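See below for the structure under consideration.
Nothing here was measured: the structure is a model prediction, and the numbers come from that model. Residue numbers run from 1 in the order of the sequence given.
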Amino acid sequence: MKRRLALAVAFSALLAVSACGSSDDKDTGSSGSGSAEKVVIYSARDKSVTDYVVEQFTTKNPEYKGKVEVLNMGAQEVLERVRAEKANPQASVWWGGTQQGLAAGASEGLLESWQPSFASKIDTRYKDAEGRWFGEILLPEVIMYNNKALTPETAPKDWDDLVDPKWKDKIIIRDVAASGTMRSIYASMIQRYTADGSNPQPGYDWLRKLDANTVEYAANPSDLYLKMSREQGVVSAWNLQDILLQANEKMPFGYVMPASGAPVLVDGVAAVKGGNSEGAKKFLDFLFDDALRASLAKDYFQIPAVDIAEKPEWLTKLDLKPMNVDWDVIGKNETAWITHWNAQIKGKG
């Protein structure tokens with residue numbers, strides 16, 4: 001009996017030691033990194049940007065080291081994924097979305113409402129009145145070309161040049177339906193012809209001519225860049241920031257600011273309702289840190305929605321010509337317009 005009791009006491013002590021050891025294994029040290037919950041981010045930003053920002057964020061907030069996961073995808077894909085996961089949210093942050101996409105997410109109850117300190121710095125045109133999304137950067141949509149095949153003089157000068165038969169089979173376009181950038185460009189082309197959105201047919205006719213000149217629709221941005229660099233297509237329409245980022249990585253890309261103006265998107269951020277609210281808010285606060293915004297403007301070609309004190313040289317020299325676009329009209333009609341394009345125009349020009 002005494003032997004059994006001694007064994008029981010020894011076994012209990014061993015369990016206690018094991019439990020302590022298990023607890024120690026979970027403790028990641030004095031930095032406090034064990035106390036923070038994982039933050040999952042769905043982002044339409046270029047991976048070079050997200051990698052840099054996450055590194056800066058975790059350096060400043062070491063408790064999140066190894067606990068920030070970024071899934072890079074198209075802006076429209078972010079909306080559709082957050083929408084599909086509404087009953088069981090998997091993401092905490094939506095980072096990089098069009099104004100109309102974020103507005104749709106807000107109206108569907110997908111985004112958390114809050115009033116961060118940086119909200120007061122943002123123009124009312126660039127944020128949701130109820131604090132459900134905030135504009136981070138402005139994205140001009142321009143004409144992109146392969147600068148080994150074309151020069152600034154021989155590249156298209158304006159949007160209507162893209163439907164000239166001379167460019168047949170020389171244009172390659174990022175798959176439209178999955179891309180917030182392309183949906184916005186195509187919707188802007190339609191809205192040029194219908195101020196209130198009531199008659200999209202002239203815009204559809206224009207897009208049919210563009211489709212006739214399009215040799216291929218690239219599955220994703222990486223596919224677009226690869227095929228453009230190989231001259232499988234030498235002209236495209238894309239956002240200025242990503243063109244400059246790729247050119248900075250020695251890709252053979254140049255751009256033309258369209259003579260009639262560039263659609264300028266408000267590209268924003270939001271906290272996903274039902275996600276890790278604490279982590280999301282801390283990360284979004286960091287995105288509006290003045291030093292970070294200055295660094296992103298200088299090294300990653302971002303145009304901040306909130307003005308910065310010292311602009312990099314490239315930004316001071318940017319001859320931006322905004323197109324007169326009614327984003328409210330586009331927000332109401334984009335889904336129907338792109339659905340029609342996808343079913344009735346794509347591949348039929």
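Both Leu71 and Leu79 belong to a common hydrophobic cluster when Ile, Leu, Val, Met, Phe, Trp and Tyr are linked at side-chain heavy-atom distances under 4.5 angstrom. Met323 is connected to Met144 through a chain of hydrophobic side-chain contacts under 4.5 Å among Ile, Leu, Val, Met, Phe, Trp and Tyr, so both are in one cluster. Both Trp114 and Ile122 are part of a single hydrophobic cluster, where members link through side-chain heavy atoms under 4.5 Å apart. Note on Leu150 and Ile173: same hydrophobic cluster, where clusters join Ile, Leu, Val, Met, Phe, Trp and Tyr whose side-chain heavy atoms are under 4.5 Å apart, directly or indirectly. Hydrophobic clustering of Ile, Leu, Val, Met, Phe, Trp and Tyr side chains at less than 4.5 Å, counting indirect connections, unites Met73 with Tyr217.
The OG1 atom of Thr181 sits 8.5 Å away from the CZ atom of Arg174 when rounded to the nearest 0.5 Å. Atom OG of Ser229 is separated from atom CG of Leu226 by 5.0 Å, given to the nearest 0.5 angstrom. Separation of atoms CE (Met228) and CZ (Phe253) is listed at 5.5 Å; rounding is to 0.5 Å. In this structure, CD in Glu80 is found 12.0 Å from CD in Glu85, a value given to the nearest 0.5 Å. If you take CG on Asn333 and CD1 on Ile338, they are separated by 10.5 Å, rounding to the nearest 0.5 Å. Atom CE of Met189 is separated from atom CG of Leu210 by 9.5 Å, given to the nearest 0.5 angstrom.
Taking the charged nitrogens against the carboxylate oxygens, Asp160 and Arg192 do have a contact shorter than 4.0 Å, which makes a salt bridge. A salt bridge does not link Asp164 to Lys168: none of the charged nitrogens lies less than 4.0 Å from a carboxylate oxygen. For the pair Arg125 and Asp123, the salt-bridge criterion is met [side-chain N within less than 4.0 Å of a carboxylate O]. With respect to the salt-bridge test (charged N to carboxylate O, under 4.0 angstrom), the residues Lys47 and Asp51 qualify. With respect to the salt-bridge test (charged N to carboxylate O, under 4.0 angstrom), the residues Arg293 and Glu136 do not qualify.
Of the candidates Lys227, Lys346, Arg230, Glu216 forms a salt bridge (Lys or Arg N to Asp or Glu O under 4.0 Å) with just one, namely Lys227. Under the side chain to side chain contact (heavy atoms under 4.5 Å, CB included) rule, Val264 has a single partner from Leu139, Val325, Ile303, Leu320, which is Leu320. Each of Asp158, Ile143, Val142 was evaluated against Met257; a single residue qualifies, Val142, per the side chain to side chain contact (heavy atoms under 4.5 Å, CB included) test. No option in Arg132, Arg83, Lys273 other than Arg83 meets the side chain to side chain contact (heavy atoms under 4.5 Å, CB included) test with Leu110.
Considering only heavy atoms from C-beta on, Asp242 comes within 4.5 Å of Tyr225 through its side chain. Contact annotation: the side chain of Leu287 approaches that of Val53 to within less than 4.5 Å [non-hydrogen atoms, C-beta and beyond]. With a 4.5 Å cut-off on side-chain heavy atoms, Val93 and Val269 do not count as touching. You'll find the side chain of Leu224 reaches within 4.5 Å of the side chain of Trp238, heavy atoms only. Residues Ser117 and Asp285 are in side-chain contact: their nearest non-hydrogen atoms beyond the backbone lie under 4.5 Å apart. A heavy-atom distance below 4.5 Å is found between the side chains of Pro156 and Val235.
In terms of modelled atom types and a separation under 3.5 Å, the side chain of Glu249 and the main chain of Gln246 share no donor-acceptor contact. A distance-only check finds a donor-acceptor pair linking the side chain of Asp211 to the backbone of Gly349 [under 3.5 Å]. Under a 3.5 Å cut-off, the side chain of Lys348 and the backbone N or O of Arg208 do not form any donor-acceptor pair. Listed for the Thr58 side chain is no donor-acceptor partner under 3.5 Å among the backbone atoms of Asn61. Judged purely by atom type and a 3.5 angstrom limit, Thr194 uses its side chain to pair as donor or acceptor with the backbone of Asn199. For the pair Gln90 (side chain) and Asn88 (backbone), a donor-acceptor distance under 3.5 Å is present. The closest donor-acceptor contact from the side chain of Asn146 to the backbone of Gly233 lies at 3.5 Å or more, if one exists at all. In this structure, Lys311 contributes its side chain and Asp307 its backbone to no donor-acceptor pair below 3.5 Å. With Trp337 contributing its side chain and Ile330 its backbone, the two residues share no donor-acceptor pair below 3.5 Å. No donor-acceptor pair closer than 3.5 Å links the side chain of Ser295 to the backbone N or O of Ala291.
Using a 3.5 Å distance cut-off with no hydrogens or angles, the side chains of Asp223 and Asn220 do not pair a donor with an acceptor. No hydrogens or angles considered: a donor-acceptor pair under 3.5 Å links the side chains of Gln201 and Asp205. In this model, a donor atom of one side chain and an acceptor atom of the other lie less than 3.5 Å apart for Gln100 and Ser184. Judged by distance alone, the side chains of Tyr145 and Ser236 never bring a donor and an acceptor atom under 3.5 Å apart. The closest side-chain donor-acceptor pair between Trp206 and Tyr186, if any, does not fall under 3.5 angstrom.
Residues passing the side chain to side chain donor-acceptor pair (under 3.5 Å) test with Asn72, sequence neighbours excluded: Thr50. Listed by chain and number, the residues in a side-chain contact (heavy atoms from CB on, under 4.5 Å) with Lys332 amount to none (sequence neighbours excluded).
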Practice problem: Before giving the answer on side-chain hydrogen bond (donor to acceptor under 3.5 Å, both in side chains), spell out for Ser277 and Glu112 the whole-Å C-alpha distance, their side-chain angles and the decisive distance to 0.1 Å. | Solution: CA-CA 8 Å; Ser277 178; Glu112 185 168 342; 3.1 Å; yes
Quiz prompt | Evaluation steps, salt bridge (Lys or Arg N to Asp or Glu O under 4.0 Å), between Lys298 and Glu313 | solution = CA-CA 8 Å; Lys298 178 178 179 292; Glu313 184 179 8; over 6 Å; no
Quiz item: Taking it one step at a time, do Lys282 and Glu63 satisfy salt bridge (Lys or Arg N to Asp or Glu O under 4.0 Å)?
Solution: CA-CA 12 Å; Lys282 183 165 285 192; Glu63 69 272 24; 3.3 Å; yes
Exercise. Go through the steps to decide whether Glu69 and Lys38 satisfy the test salt bridge (Lys or Arg N to Asp or Glu O under 4.0 Å), and finish with yes or no.
Key: CA-CA 8 Å; Glu69 180 182 358; Lys38 183 178 180 180; 2.7 Å; yes
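Annotation for Lys170: atom NZ does not count as buried by contact number, only 12 or fewer foreign heavy atoms lying within 6.0 Å. Heavy atoms from other residues, nucleotides or ligands lying under 6.0 Å from CG of Asn324 number 12 at most. Within a 6.0 Å radius of CD in Glu278, no more than 12 heavy atoms belonging to other residues, nucleotides or ligands are found.
A cation-pi contact, defined as under 6.0 Å to the ring centre and within 45° of the axis, is absent between Lys121 and Phe288. Trp94 does not carry Arg81 over the face of its six-membered ring by the limits of under 6.0 Å from the centre and within 45° of the normal.
Taking the six-membered ring for Trp and the full ring otherwise, the centers of Phe134 and Tyr126 sit at least 6.0 Å from each other. For an aromatic pair to be called close, the ring centres must be under 6.0 Å apart, and Trp314 with Phe301 satisfies this. Aromatic ring centres of Trp95 and Phe283 lie closer together than 6.0 Å. Residues Tyr204 and Trp341 keep their aromatic ring centres 6.0 Å or farther apart.
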